[in-house]
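What you see below is based on every heavy atom in this structure, not just the backbone, and it leaves out hydrogens, waters and symmetry mates.
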Amino acid sequence: MTFLSQGPKKPFPIAAVPLLNSDMSAHYADTPSTPEREKRPETDALILPFHLSLLCSSRVSAQQLLDLRQTAPLFHGINLAQHWILEGHLDEALYFMMAAKRLGIPFIGKLDADDLSDLQQEWSLEDLKNINCALTKSMAKLNGLAPRPSSQVVCAPHGAALDRLAKCLTEQPDLRNRVCLTTPTMLLEAQQKHTSQRALNDHVYRLKETMPHMSSHNRFGKIATIGLISIVSCIGLSCIVWSQIAIFFNFLTLSIFLSLAFLRLMAYRALPRIRSQAKQSFSRLQTAHAALSYWPSYTVLVPLYREADMIQDLVAALSGLSYPRDCLDIQLLVEADDTETQAALTTIKLPAYMSIVQIPVHGPRTKPKALNFALSFVQSDLVVIYDAEDRPHPNQLKEAALRMEAGGPSLGCLQGRLAIDNADANFLTRQFALEYAALFDGLLPFLADERLPVPLGGTSNHFRTSILKQVGGWDPYNVTEDADLGLRLTRLGYRIEILQHDTWEEAPERYAAWVKQRSRWFKGWMQTWLVHMRRPRTLYGDLGRSRFLAFQVMIGGMLVSALIHPLYIVSFTTSFAAITFNIGTDSTLFWSLMVANGANLVMGYGGAMLLAHRTARSRYGYGWRQVLAMPLYWLMMTPAAWRAFLQLLISPHHWEKTQHGLSKQRPPVANAHKRQKQGP
């Protein structure tokens with residue numbers, strides 16, 4: 001059936017027609033009906049294509065629609081009706097219901113995936129959006145129709161394809177007995193459900209199949225678990241019993257702390273230069289905006305699990321994204337058995353550019369598994385990840401699109417700056433905000449500027465879709481998939497840069513919730529370090545010396561420092577007492593110990609505090625009073641780190657859910673981006 005062919009979608013132009021940017025009815029409110037139209041009501045049917053004739057009303061004449069149709073070169077494959085549907089001016093179901101009535105064929109308002117025949121293997125899952133028809137099984141019970149012994153053709157053509165369907169039905173009236181009409185959204189949703197097993201088999205676990213050495217699917221055996229726990233216990237006891245081991249351990253931990261401090265101090269020193277470069281980069285982006293002809297297509301993936309309380313705010317935040325609706329596809333990923341979130345979504349009429357994707361209950365219940373499943377069907381140029389509590393800046397997608405265009409094919413990922421909008425709720429959220437400011441406004445921009453490995457945040461990651469699929473997507477077995485993916489991109493030769501626009505999110509306000517979240521992060525970083533250090537020589541060859549050392553400091557050093565922070569204090573106390581009483585305070589060893597630990601206090605704590613103070617002051621207005629409390633916050637991380645270590649041995653793939661929507665300090669969505677006092 002040739003009428004079902006449909007050309008590929010092209011990007012929507014940046015210089016969109018101003019006429020289509022406001023409410024559709026307003027364009028024609030002052031337009032008088034023409035005498036010609038009053039005398040010849042059949043004119044619309046005579047001169048308009050079928051898909052446009054459906055749009056005629058008392059306020060929109062055929063001539064006006066034809067005039068708008070002259071802008072077709074600007075739309076490049078997006079017809080006027082489709083554009084109005086995506087902009088929210090036209091109801092999709094009503095449009096196709098009217099088309100079915102005019103064509104004299106049934107309209108299917110609810111399509112069951114089990115009624116569809118299998119998709120031909122030559123069709124890739126990414127191309128499902130281009131397939132505007134499907135065959136049903138014989139005796140399928142289509143919504144409102146009696147079962148028929150032969151298969152039926154369920155179609156949802158747009159634009160010229162709908163015109164060809166109308167012509168075909170006119171020339172072959174018998175086809176009306178086999179053809180039904182539905183909406184493109186309904187057909188795509190049914191096709192995705194029908195091919196879910198194929199997506200699981202071919203895409204979700206692709207990393208484990210194609211690059212098993214980079215996947216964390218392996219678990220610790222009982223012998224390895226017992227052995228590792230025994231080694232760690234022996235080290236801790238030895239530091240207490242034997243002073244020599246305590247002294248050695250003290251100097252060893254000093255080297256780890258000082259390496260982290262050195263990295264932070266370098267970031268602190270480079271911050272003014274990086275901020276200046278960022279301003280210049282923004283200026284160049286404005287030039288690029290004027291030169292770029294089209295916006296690339298964008299898919300927004302939002303994994304949800306037990307997020308019923310966040311749905312209203314989430315939809316409001318995503319609706320505020322300033323990006324051409326013709327090029328935007330927002331997918332809300334919901335677990336198939338998460339009835340609470342699904343029920344909350346049914347209470348909201350989602351915009352046409354938002355859809356719900358059900359994630360099958362299969363394998364590990366992790367965020368990266370849900371993302372991989374959705375990625376199986378993505379065909380857009382760019383893709384971004386947001387969490388349920390996120391409030392991205394309205395212009396973040398535009399900045400990312402322009403940066404990708406200017407960055408060239410080696411730019412694989414852009415990380416948005418994450419900030420905390422309930423920062424002033426209590427001590428914990430203030431320290432969380434300080435930590436985020438130092439990381440996303442200070443350290444990560446420095447790492448990206450130096451082309452060092454960047455441990456991505458779990459949200460506001462913007463990718464080229466082709467590159468993301470090429471590197472295997474996310475590891476569904478890694479509970480901190482972002483850090484792992486960031487290193488994998490670097491190993492495979494791709495750059496990561498930091499965006500200027502923010503994403504505001506909610507910090508846990510209770511220590512119990514914070515510990516669970518931090519344990520998951522620590523566990524995922526442990527998985528990442530163990531996976532990539534399986535072949536250290538290969539990793540060294542992929543990264544080179546400076547990047548290899550930076551990885552050891554950022555991931556390995558951060559983990560070790562969180563685990564041994566109290567042990568460092570114990571080892572220093574034990575060493576100090578042993579040297580003082582057994583050797584004396586005049587010895588070289590005593591003064592070496594004091595100088596080294598003093599330098600650690602100044603550089604280790606001082607470097608982190610300087611970076612946090614400079615970044616948090618500009619973002620939140622925080623002063624030294626909040627910054628000086630950071631050492632207590634670091635000590636609070638140790639229980640979470642050891643909890644993560646035990647979970648790594650017992651339940652490595654268990655995802656501990658962080659409950660959102662509990663804070664009463666969050667500003668309304670409309671005011672989310674007014675918290676910042678000064679640009680980063």
salt_bridge(Asp475, Arg488) N-O dist < 4.0 Å: no
Working to the nearest 0.5 angstrom, can you tell me the gap between [X] [atom1] and [Y] [atom2]?
{"X": "Trp655", "Y": "Tyr477", "atom1": "CH2", "atom2": "OH", "value": "15.0 Å"}
{"X": "Cys180", "Y": "Leu187", "atom1": "SG", "atom2": "CG", "value": "11.5 Å"}
{"X": "His217", "Y": "Asn478", "atom1": "NE2", "atom2": "CG", "value": "13.0 Å"}
{"X": "Tyr353", "Y": "Leu318", "atom1": "OH", "atom2": "CG", "value": "8.0 Å"}
{"X": "His89", "Y": "Leu55", "atom1": "NE2", "atom2": "CG", "value": "12.5 Å"}
{"X": "Leu188", "Y": "Asn132", "atom1": "CG", "atom2": "CG", "value": "11.5 Å"}

Between Trp474 and Phe463, what is the ring plane arrangement, given parallel below 30°, perpendicular above 60°, and tilted in between? perpendicular
Can you tell me how the ring of Tyr323 sits relative to the ring of Tyr298, calling it parallel under 30°, perpendicular over 60° and tilted otherwise? perpendicular
Test side-chain contact (heavy atoms from CB on, under 4.5 Å) applied to Leu175 and Leu103, Leu169, Thr170, the passing residue: Leu169
Contact list for residues 341-367, test salt bridge (charged side-chain N to carboxylate O under 4.0 Å, His left out), sequence neighbours left out: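 Checked against salt bridge (charged side-chain N to carboxylate O under 4.0 Å, His left out) - neighbours excluded - the pairs reaching residues 341-367 are Asp91-Lys349, Glu335-Arg365, Asp337-Arg365, Lys367-Asp387, Lys367-Glu481.
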His158 and Phe96: ring-ring contact (aromatic ring centres under 6.0 Å, His included), yes or no, with the steps? CA-CA 9 Å; His158 248 306; Phe96 281 92; 5.2 Å; yes
Would you say Phe50 and Leu162 make side-chain contact, with heavy atoms under 4.5 Å? yes
